[in-house]
Amino acid sequence: RVELRRVDAVAPPSAAAEEELQAMLLAAWGKECPSKGPPCSEDCAVHAIAWVSESGAREVCGVLALGQASAKGVPSNLPDIPLWVRERASGAPEVVPVLRQLWVSPERRCGGLAAAALEEALAGSDHLLVEAPSAPLARLLERMGWAICGSRWASGRSYLCRYVRSGGC
């Protein structure tokens, strides 16, 4: 089980963790922590950054950053997608979550923390945008029942990819 604690609601567990967070965000976005400054891109303002840890543990082993954006801005434009994906994509709500960053410390990877953090953060969501998904993240989303249905170039620096959850289809 995983625990998500909002960065702006809970102090970093240590100065080293705060420095690690800032370094990760600088590497990922080229900006200071979004919770302390302007949005990272015009497409999606970050609205929640959470520390990732195992339930009951004080040790932080990752960071998850989510935003919100309109799914209508990323069309369902991939050729040859299954009918259920196309149908599910057509029913997107106006605003959907955007996964801006998911980072788990290297020594804690491959233990299910990333999947558990995503399940917790995306509970109740069947639509998702992901900014520039890495190959490991794309594979993880697929294993978790998410299917890619579209993409578009965002802000001249990366892609936004649109996913829908299978929901037993």
Side-chain angles (χ1 to χ4, degrees), residues 1-7 24-25 27-31 34 39-55 61-106 108-169:
R1 186 88 179 119
V2 70
E3 183 177 323
L4 300 178
R5 292 176 282 165
R6 285 182 62 105
V7 167
M24 184 276 300
L25 292 173
W29 294 321
K31 297 202 180 268
C40 297
S41 83
E42 62 208 48
D43 296 293
C44 162
V46 171
H47 76 272
I49 299 177
W51 300 111
V52 177
S53 61
E54 292 183 283
S55 290
C61 36
V63 177
L64 176 94
L66 289 173
Q68 291 182 337
S70 171
K72 308 299 183 204
V74 182
S76 177
N77 59 1
L78 295 184
D80 302 326
I81 59 175
L83 181 59
W84 74 264
V85 173
R86 191 172 311 281
E87 289 173 351
R88 178 71 48 100
S90 69
E94 182 60 35
V95 176
V96 299
V98 180
L99 178 59
R100 295 295 309 270
Q101 187 71 30
L102 174 59
W103 179 84
V104 174
S105 61
R108 301 303 297 271
R109 292 180 186 164
C110 299
L113 276 172
L118 285 172
E119 281 298 328
E120 179 80 18
L122 300 173
S125 296
D126 289 332
H127 301 268
L128 173 66
L129 298 176
V130 180
E131 184 175 353
S134 64
L137 177 59
R139 287 190 301 269
L140 174 61
L141 288 169
E142 185 177 340
R143 282 194 309 270
M144 293 175 65
W146 292 89
I148 189 167
C149 63
S151 68
R152 78 165 174 86
W153 187 243
S155 300
R157 50 175 224 146
S158 68
Y159 280 93
L160 276 177
C161 294
R162 185 172 171 193
Y163 286 82
V164 294
R165 192 188 307 244
S166 67
C169 290

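The residues of the chain are indexed from 1 along the displayed sequence. Side chains are part of it too, since the values below use all heavy atoms of this structure and drop only hydrogens, waters and symmetry mates.
- Rounding to the nearest 0.5 Å places CG of L141 at 10.0 Å from SG of C161.
- The two residues A69 and L129 have their closest heavy-atom pair at CB-CD1, 4.0 Å.
- Distance check, rounded to the nearest 0.5 Å: CG of L137 to CD of E131 gives 12.0 Å.
- When the salt bridge (charged side-chain N to carboxylate O under 4.0 Å, His left out) test is applied to E119, the partners found at least two apart in sequence or on another chain are R165.
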Exercise for the section: Tell me, with the steps shown, if R88 and H127 meet side chain to side chain contact (heavy atoms under 4.5 Å, CB included). Expected result: CA-CA 9 Å; R88 178 71 48 100; H127 301 268; 4.3 Å; yes
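- Note that the CG atom of L160 and the CZ atom of R100 stand 8.0 Å from one another [nearest 0.5 Å].
- Listed for the R143 side chain is no donor-acceptor partner under 3.5 Å among the backbone atoms of A115.
- L128 pairs in a side chain to side chain contact (heavy atoms under 4.5 Å, CB included) with only one of the listed residues (V164, I148, L118, L122), which is L122.
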Exercise for the section: I would like to know whether E94 and S70 meet side chain to side chain contact (heavy atoms under 4.5 Å, CB included); could you show each step before the answer? Expected result: CA-CA 5 Å; E94 182 60 35; S70 171; 3.2 Å; yes
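- Summarising the geometry, atom OG belonging to S76 is positioned 13.0 Å from atom OH belonging to Y163; distances are rounded to the nearest 0.5 Å.
- One finds the CZ atom of R86 at 9.5 Å from the CG atom of N77 (value rounded to the nearest 0.5 Å).
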Handout entry: Chi angles and distances behind the side chain to side chain contact (heavy atoms under 4.5 Å, CB included) call for L66, V98
Key = CA-CA 5 Å; L66 289 173; V98 180; over 6 Å; no
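- The distance from atom CE of M144 to atom CG of L140, rounded to the nearest 0.5 Å, is 5.5 Å.
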